[in-house]
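Have a look at the structure below, then the notes.
In this chain, residues are counted from 1 in sequence order. Both backbone and side-chain heavy atoms feed into the values below; hydrogens, waters and symmetry mates do not.
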Amino acid sequence: MAVGKEMVKAEVGMEEKEKWLMHYSSFHQILLVGEGDFSFSLCLAQSFSSAYNIVATSLNPYDLLIKMYKKAKSNFEGLEKLGAHLLFGVDATKMKLHTDLKMRKFDRIIYNFPHAGFHGKEESRIMINMHRDLVHGFFRNASGMLRGNGEIHVNHKTKAPFSDWNLEELASQNSLVLFECVAFRREDYPGYNNKRGAGSRCDKSFPLGAWSTFKFRFSPTGTNILGNMNGISKHTRLPLTNTVSIDCSRIFVGYCNHAVETLGRSDYNVGYTVLEVVRLGLERYMAEGPGRTLTGYINLMQELQLLSRSRSAFLRRMLLGSDQ
């Protein structure tokens, strides 16, 4: 519907004026993930006076949401009236495979206060790992759904135990880099109401406290795998060779980033990681466009082999140099 509206305006010579609300423009294609009562989506839509550029999603089905949140139904109606595309039952860790999303790319992908549910104390390692798994799965999907200069925004608490989720680490494992972190203030978004989202108090707000908007971008060069090694500058980056295509560096950049978390670990299973690289790379490659074949992917794997040899030789030289 958004494309159709833009074409009509172009044909009749109308020029639409861009409108902004904080980090978001009426010209952005925006995907909202894990919405509660959809009040954040509606806030953006009303600020833009249109929602043809907005896709708002929730894990929960429509019937459950209108029972959980007293304003959900009216928010849905307001969004639909302004032209938003609403999707229900969308899993943030599998969304790139959704029928209505797998062919879409976005300028902004927003996940407000991701949470895996109330299954224990927030400071427990079990809960922290559940939250990390959720965010990791989200990053894994969202990283392949961005337009060229697209951004992923996660609004999140900055104090322990929530800071222990380590969003930057999870992002780096999925070819993303944190480029900005700014304070989040609810008053900047008129009409937005954050919700607990579970239990008998699901429609109640929770105190925001110290929250920030973490902004991530796709990073084709990856992060520094030598950053934690003594004697080697943390700004050193492993070079890409001239023979490696942009496709290869984009599809397999997580393979290089993963070394940050595994370097020096005795429990690191190299064989398993390589298999994951091949599996995830194929999944990303095939999902990025119609008509792609295994032959094209095999060609990228051959490029990856050349890249791996080059990086191994570079790392060997750096290690030998640090011992002198």
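- Taking 4.5 Å as the limit, every side-chain heavy atom of Val90 sits out of range of all side-chain heavy atoms of Ser58.
- In this structure, His28 has its ring center closer than 6.0 angstrom to the ring center of Trp20.
- With contacts defined as side-chain heavy-atom distances shorter than 4.5 Å, the pair Leu176/Ser143 qualifies.
- Ring-plane geometry between Phe76 and Phe88 is classed as perpendicular, the angle between the planes exceeding 60 degrees on a 0 to 90 degree scale with a lower cut at 30.
- The existence of a salt bridge linking Arg147 and Asp107 is confirmed by a sub-4.0 Å separation between a basic side-chain nitrogen and an acidic carboxylate oxygen.
- A 6.0 Å sphere centred on NZ of Lys96 holds more than 12 heavy atoms belonging to other residues, nucleotides or ligands.
- Both the sub-6.0 Å distance and the 45° axial angle are satisfied by Arg217 relative to the ring of Phe179.
- You'll find the side chain of Val154 stays beyond 4.5 Å of the side chain of Thr213, heavy atoms only.
- Phe27 and Met22 end up in different hydrophobic clusters when Ile, Leu, Val, Met, Phe, Trp and Tyr side chains are linked at under 4.5 Å.
- Of the N and O atoms on the side chains of His153 and Tyr24, at least one donor lies less than 3.5 Å from an acceptor on the other residue.
- Put simply, the side chain of Cys43 reaches to within 4.5 Å of the side chain of Leu21, judged on heavy atoms.
- Side-chain atoms of Glu35 and Ser41 include a donor-acceptor pair closer than 3.5 Å.
- Taking the six-membered ring where tryptophan is involved, the planes of Tyr192 and Phe113 are essentially parallel, since the angle between them stays under 30° and well short of 60°.
- Side chains of Ser25 and Glu18: a donor on one and an acceptor on the other come within 3.5 Å.
- No more than 12 heavy-atom neighbours from other residues, nucleotides or ligands sit within 6.0 angstrom of CD on Glu168.
- Residues Ser219 and Ser175 are not in side-chain contact: their nearest non-hydrogen atoms beyond the backbone lie 4.5 Å or more apart.
- Transitive grouping of hydrophobic side chains (ILVMFWY, heavy atoms separated by less than 4.5 Å) keeps Phe38 and Leu59 in distinct clusters.
- Within a 6.0 Å radius of NZ in Lys73, no more than 12 heavy atoms belonging to other residues, nucleotides or ligands are found.
- Residues Phe162 and Tyr111 share a hydrophobic cluster, clusters being chains of Ile/Leu/Val/Met/Phe/Trp/Tyr side chains in contact below 4.5 Å.
- Counted by atom type alone, Lys19 and Ser49 present one or more donor-acceptor pairs between their side chains at under 3.5 Å.
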- Message: Between Glu151 and Arg108, is the salt bridge (charged side-chain N to carboxylate O under 4.0 Å, His left out) condition met? List the steps.
- Response: CA-CA 5 Å; Glu151 301 174 8; Arg108 298 290 185 271; 3.5 Å; yes

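- Leu79 and Tyr62 fall within the same hydrophobic cluster, defined by Ile, Leu, Val, Met, Phe, Trp and Tyr side-chain heavy atoms under 4.5 Å apart, directly or through other members.
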